[in-house]
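All chains are named by letter (A, B, ...) in the order of the sequence lines, taking the proteins before the strands, and each is independently numbered beginning at 1.
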There are 2 protein chains.
Amino acid sequence: MVTMEDVARLAGVSKMTVSNVVNNREGVSDLVRRRVLEAIRQSGYRLNVSARSLRSGRTGVIGLAVPEVDLPYFSHLATLVIDAARRRGHHVAIERTGAAEAGEADALAHSRVLQFDALILSAVVLDGLDERLTGAGCPVVMLGERDFGGRFDHVAMPNEEGMKAATVHLADQGCRRIGIVSGVPREGVNVMTRRYRGYLDGLAERGLSADPPLLFPLDGMTMEAGRDAAHRMVDSGREVDGVVAVTDTVALGVLRGLADRGLRVPDDIRLIGFDDVPESRFLVPSLSSVAPDHRWMAEKAVELAVQRVRAPLRPAEEHVAPFELVIRESTR
Amino acid sequence: MVTMEDVARLAGVSKMTVSNVVNNREGVSDLVRRRVLEAIRQSGYRLNVSARSLRSGRTGVIGLAVPEVDLPYFSHLATLVIDAARRRGHHVAIERTGAAEAGEADALAHSRVLQFDALILSAVVLDGLDERLTGAGCPVVMLGERDFGGRFDHVAMPNEEGMKAATVHLADQGCRRIGIVSGVPREGVNVMTRRYRGYLDGLAERGLSADPPLLFPLDGMTMEAGRDAAHRMVDSGREVDGVVAVTDTVALGVLRGLADRGLRVPDDIRLIGFDDVPESRFLVPSLSSVAPDHRWMAEKAVELAVQRVRAPLRPAEEHVAPFELVIRESTR
DNA sequence: GGGCGACGTCCTCCATGGTCACCATGCCGC
DNA sequence: GCGGCATGGTGACCATGGAGGACGTCGCCC
C-alpha cells in the first residue's frame, strides 16, 4: 500500500506537509502543493481513514438508525440524509432497529463500536429518559416522533397538525363518520398518541363526535396490517365514510383491504395517508396524504448532527418539519 | 476513553492478553479470561475499531452500492444483505450510485478510502472490462445484470428465463399482442438486453410475431417513466393486450398510466412485472410478477464476499438466482 | 533422581498510517 | 540586530495486533 510517507519521499517533503495538502490546510506554498499533488497522482496514493480516525478521533461517518430500511418512507428519508451528509463531506452508515428496543439499543452500542461522529436515530421505542441514549458515546439527533424532554436535538414530524389537517379535510369533503387506522395510543408520547390526538382535534374542529371512537388498531406498521385493519373495519358494519391512515404504507394496505370487500375509493369511502411517499401519486386511486417536507427534515437532522460534532455543548434544538396537504383522487 | 491498556492494568495482565480474550483466541486460561472479562465489564471498555483496522487491515464493513436506495427492489435487497452480513459478523455501508458511471466509479473509489473488506456492486453501467473494477482495492462481488466475463464473483438475476416465463404466461392467458415496457436494449449485455431477449424468446415459444416490435422505451427505471410509456403505448393505437414491464416499479407506473387512459387491468389489458417487490401483492389490481429469490441472492452475495476476503485467489463463481412466477389479479 | 525438552501461558517489542503540538528555518522590515 | 511571519519539519502519540521470546511446570528418559 502507498502511504503518506511514500508520497512525502517522492515529493521531497515531510509527511506532515503531505497531510496538510491532503486536508486542504493553510501554510503550504503553491509550488510545494503542486509537487505534492503530482506525487499523489503518480503514486496512486489513497488516504487511510482508519489511521486518520485513530489519531483524530473522528471517522466522518454519521449513523442513521431507522426501524426498517425497506419501508418507502424510511428508504426515501435515507436517500435524502445520505445526500445531505455527502454535501457536508460525511458518509452515512444505515442501521436497522426493527422498531424494537433491542434494535435501538444495538444501534446506540454500535455508535460507540463503529465510532460514528454522530447518530441520527429514528426512535420508536426508547424515550428521553433512557440512560442508553446519553451513553451513546457520540451526539444523538432524534428524528421523528417521541418526546425527548428537550435533552436532545430533535427534528419532529408535524404529527398533530398534519393529522388534524387531514381529518378536517375529510370532514370538508362531506365525511361524517371518520375512522382512523393506527396503532393503539400508548403511554408516553409517541407517533400513535400524537397522530391520534391530531385526529381527535380535527373531529372536534368540525363538530364531529369521537364517541364511540372509530379507531381500528394495527398490528405493526405494515401494508399487511393495514389490509387486516380495513377488513375488520368493513366487517364491523360501522359504516365509516372516511379514513385517515397513520402512514401511507398502511394506507396502501387499507386501499387493498377495501377493494377486497368491494368498496370503492373515493366513491364509497375516502382515504388519506401520511408521509406522501413516492408511490402515493401513482396508486389507483392516487392517494391523498399529509406531506411533511422530507428533504427539509434530512437536511436539518444532518445539519444539527454536524454542528454538534463541532460544538458538543450547544443547547439542544427542537424543530418541527413544515408540511402540506396533498389532495389526490382518494379524497376527491 | 478506556483503552485496552487500562483494562490490562486493571486485570493485572498485558494488553496482548486482553486482545486475545476480546478476540476469543486460544491460549488464555479460564481464570485469566474471567479476570479480563470482569475488568472489561467494570471499566466499560469498548474496542476501538479504527485501531484494530489500522493494524489488521480489515474493517468488518462490506460496501453495498446500488443505483437508488429508495426503489423498493433495492431497499428490500439492502435489508436482506444487512441481515446476511450481520449473521456473519459484518456491517454494511450503503452507497448510492444513481445508476450513473460517475456514481459507480465513486463507489469503487470509496471502497478504497473507507476500506471496505469487500464491495457488493449492483452495476448498471460499468462492465467487466473497466479497469476501475480491478483497481477497487478490495474484492468486488457483482450483483445483478451485466456480463463480467467471469472475472468477478457474480450473483445474477434470471433475466432471460424470468422474462420468457412471464411472456409465455401472458400468451397462455390469451394475449396475442404482447408489448414490453423497457429501456432500449443497448450495446453490451445488460438488464435491458437480457430481459428483452427473454421477451422475444417467450414470443417465439408461443409462435407470436415480434415484427414490428411492440417495445415502448423508458426514460429511466422509475414509476414516472412507466406511466409515460403507458401513455405513449395507448396513444399509439397499437392495440396491445398484454404488457411485460421490466420491473415492478415501472409496472406500478404503467398501471397508473393505463388507468389515466381508462383501460382496465386485466380486463382490457394484462400486465406483469419483475422483482415481486413487497408492494405488488397489495396493489389494486394486485400485480403478477417474476419473483427472483431475493433472500437467496443477498445470502449468496454476502457469502461470496466473506469467502473472498479469506481466500482472495479462489476462482470467480457465477450463480443465477432461482425464481418463480407469481400470478395475481393483473393477469387473471 | 536429575537434566532436558516440550508445552501452555503470557509478555515485550515493534509495526500500522496519520495527526497534533511544537519547533526550526529563512526572509522581511524596522 | 531583532522580532515576526510564512513555511515546513520533528517526534511523540493514537489503540490494537503479530511475531517471537520468557517463564514456569510437567513429564520423560536415562
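Note that OG1 of T59(B) and NE2 of H90(B) are 8.5 Å apart. Values are rounded to the nearest 0.5 Å.
Scanning both residues, A8(A) and S14(A), for their nearest heavy atoms gives CB-C, 3.6 Å. Closest non-hydrogen pair, A93(B) versus F116(B), comes out as CB-CE2, 3.8 Å. Taking every heavy atom of both residues into account, S122(B) and F74(B) meet most closely at OG-CE2, 3.5 Å. Nearest heavy-atom pair across S19(A) and M4(A) is CA-CE, 3.5 Å.
Looking at R314(A), H319(A), K300(A) one by one, the single match for side chain to side chain donor-acceptor pair (under 3.5 Å) with D153(A) turns out to be R314(A). For the side chain to side chain contact (heavy atoms under 4.5 Å, CB included) test with M142(B), the passing option among I120(B), L119(B), L121(B) is L121(B); the others fail. Checking I94(B), L64(B), I62(B) one by one against I82(B), the side chain to side chain contact (heavy atoms under 4.5 Å, CB included) holds for a single residue, I94(B). Of the residues L77(B), V81(B), L80(B), T79(B), the one that meets the side chain to side chain contact (heavy atoms under 4.5 Å, CB included) test with R295(B) is L80(B).
DNA chain C is contacted by no residue of residues 31-41 of chain A, taking any non-hydrogen atom closer than 4.0 Å. In the region residues 51-61 of chain B, proximity to DNA chain C at under 4.0 angstrom, judged on heavy atoms, holds for L54(B), R55(B). Residues from residues 12-19 of chain B with heavy atoms under 4.0 angstrom of DNA chain D, sorted by number: K15(B), M16(B), S19(B).
Once you apply a 4.0 Å limit to the heavy atoms of chain A, the touched nucleotides of DNA chain D run 5' to 3' over dT7(D) to dA15(D).
Distance, E5(A) CD to dG18(C) P: 10 Å, rounded to whole Å. Distance CZ (R25(B)) to P (dC10(C)): 14 Å, rounded to an integer number of Å. For the pair M4(A) CE and dC20(C) P, the interatomic distance rounds to 11 Å; values are reported in whole Å. Atom pair N48(A):CG and dT19(C):P shows a separation of 9 Å (rounding to whole Å applied).
Contacts of V28(B) with the nucleic acid, taken as non-hydrogen atoms under 4.0 Å apart, involve only primed sugar atoms and P, OP1 or OP2. Looking at heavy-atom distances under 4.0 Å, N23(B) makes contact with sugar-phosphate atoms alone, never a base.
Ionic pairing of D6(B) and K15(B) is not present here: no N-O contact between side-chain nitrogen and carboxylate oxygen is shorter than 4.0 angstrom. Salt-bridge formation is not detected for the pair E38(A)/R35(A): no Lys NZ or Arg NE/NH1/NH2 atom is positioned less than 4.0 Å from an Asp or Glu carboxylate oxygen. E303(B) has no carboxylate O lying under 4.0 Å from a charged side-chain N of R87(B), or vice versa, which leaves the two without a salt bridge. Taking the charged nitrogens against the carboxylate oxygens, E317(B) and R308(B) have no contact shorter than 4.0 Å, which rules out a salt bridge.
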* Chi angles and distances behind the side chain to side chain contact (heavy atoms under 4.5 Å, CB included) call for R52(B), L47(B) -> CA-CA 8 Å; R52(B) 162 188 281 178; L47(B) 183 76; 3.1 Å; yes
* To do: Kindly determine whether V309(B) and R58(B) satisfy side chain to side chain contact (heavy atoms under 4.5 Å, CB included), including the steps that lead there.
  => CA-CA 9 Å; V309(B) 172; R58(B) 300 219 187 130; 3.7 Å; yes
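From one end of the helix from dG1(C)-dC30(D) to dC30(C)-dG1(D) to the other, with five pairs defining each end axis, the axis direction shifts by 50° (rounded to 10°).
Within the structure, the side-chain hydrogen bond (donor to acceptor under 3.5 Å, both in side chains) test picks out the following pairs touching residues 64-75 of chain B (sequence neighbours left out): E68(B)-R96(B).
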